[in-house]
Amino acid sequence: MFKQRPRVTRFGSRLAEPLMIGAVRAVFALARALGSDRSSNLGGAIARAFGPLLPQHRTALDNLRAAFPHKPDADIKVIARGAWDNLGRVGAEYAHLATLFDFDDRNPNAGRCEVHGIEHFLALRDDGKPGIIFAAH
């Protein structure tokens, strides 16, 4: 049988939702005001400072030690800190996606993005046949 949540919990959820939406909008507004580079730097700095304080940091260290058993512990910590930096930068840059990816296939050297293998995408676009694209990072 489905159990209903208490009214206090439902009220808390209803109250938290607009607060979180407002907080996310404020963070995006701040990121846009800072610009992409400063926003990215700030996001990386915040994540590097607070990421190691989270319980997930211990999991990251354990996983890195398992993946690289011969690496010294100092190197493992540098890798984990770099992962936090990357996560913070990606989060901060999300507000700038429209301006960060500025690749133009007619002028490939004009923007800040470097794309390899674009000829495959252009051929897929222009051949009139259906296609599947798989991308990973």
Side-chain angles (χ1 to χ4, degrees):
M1 177 179 232
F2 182 71
K3 197 174 184 181
Q4 277 194 328
R5 293 186 298 176
R7 286 181 189 220
V8 173
T9 305
R10 288 193 311 253
F11 177 73
S13 294
R14 286 185 181 155
L15 181 63
E17 185 176 335
L19 292 175
M20 288 304 296
I21 290 170
V24 169
R25 286 183 176 169
V27 167
F28 269 57
L30 174 64
R32 287 187 184 112
L34 290 173
S36 60
D37 290 334
R38 286 188 296 174
S39 175
S40 179
N41 292 340
L42 179 63
I46 290 170
R48 280 192 319 272
F50 291 104
L53 304 175
L54 299 173
Q56 291 81 359
H57 187 68
R58 170 72 55 209
T59 303
L61 292 174
D62 291 344
N63 288 342
L64 287 166
R65 286 183 187 112
F68 305 108
H70 300 297
K71 278 202 178 291
D73 206 50
D75 290 353
I76 295 294
K77 289 178 181 177
V78 167
I79 294 169
R81 192 170 159 87
W84 284 116
D85 178 75
N86 184 59
L87 184 63
R89 287 176 182 279
V90 168
E93 290 168 357
Y94 194 79
H96 301 281
L97 285 180
T99 57
L100 287 177
F101 188 76
D102 58 356
F103 182 77
D104 180 2
D105 63 310
R106 292 175 296 273
N107 193 5
N109 297 320
R112 58 190 281 171
C113 289
E114 183 177 320
V115 178
H116 298 279
I118 191 68
E119 66 277 2
H120 302 291
F121 289 96
L122 297 176
L124 185 63
R125 178 194 69 188
D126 298 336
D127 70 4
K129 300 176 191 173
I132 296 175
I133 297 172
F134 173 79
H137 59 87

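All of these numbers come straight from a predicted model, not from anything done at the bench.
Here the CG atom belonging to L30 is positioned 11.0 Å from the CZ atom belonging to R32, to the nearest 0.5 angstrom. The CG atom of D127 lies 10.5 Å from the CZ atom of R125; values are rounded to the nearest 0.5 Å. With values rounded to the nearest 0.5 angstrom, Q56 atom CD is found 12.0 Å from N63 atom CG. Of the inter-residue distances, the one linking D75 atom CG with F68 atom CZ reads 10.5 Å to the nearest 0.5 angstrom. The CD1 atom of I79 lies 13.0 Å from the CG atom of N86; values are rounded to the nearest 0.5 Å.
When every heavy atom of L34 is checked against every heavy atom of S39, the shortest pair comes out as CB-N, 4.0 Å. Listed here is the closest heavy atom pair of L64 and I76: O-CD1, 3.6 Å. Of all heavy-atom pairs spanning L100 and S36, the tightest one is CD2-CB, 3.7 Å. Shortest non-hydrogen contact noted between H57 and G51 is CB-O, 3.5 Å. Across all their heavy atoms, P52 and A47 have their closest contact at CD-O, 3.8 Å. Residue G43 comes nearest to A92 through the heavy atom pair CA-CB, 3.9 Å, listed as atom of the first residue, atom of the second, then distance.
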- [ ] Go through the steps for F121 and D105 under the test side-chain contact (heavy atoms from CB on, under 4.5 Å), then give the verdict.
- [x] CA-CA 10 Å; F121 289 96; D105 63 310; over 6 Å; no

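Of the possible donor and acceptor atoms, one in the side chain of H96 sits under 3.5 Å from a partner among the backbone N and O of A31.
Between D85 and R81 there is no salt bridge, since none of the side-chain N atoms of the basic residue sits less than 4.0 Å from a carboxylate O of the acidic one.
For the side-chain contact (heavy atoms from CB on, under 4.5 Å) test with E17, the passing option among L15, L19, I21 is I21; the others fail.
Following chains of ILVMFWY side-chain contacts shorter than 4.5 Å, one cannot reach L61 starting from V78, and the two form parts of different hydrophobic clusters. Follow the hydrophobic side-chain contacts under 4.5 Å out from V90 and you never reach I46; the two are in separate clusters. There is no path of hydrophobic side-chain contacts, each under 4.5 Å, that joins Y94 to L87. The cluster map of Ile, Leu, Val, Met, Phe, Trp and Tyr, joined by side-chain heavy atoms under 4.5 Å apart, puts M20 and F28 in different clusters. Connection of I133 to V115 is established within a shared hydrophobic cluster, with ILVMFWY side chains joined at heavy-atom distances below 4.5 Å, either directly or through further cluster members.
More than 12 heavy atoms of other residues, nucleotides or ligands shown are found within 6.0 angstrom of CZ on R65.
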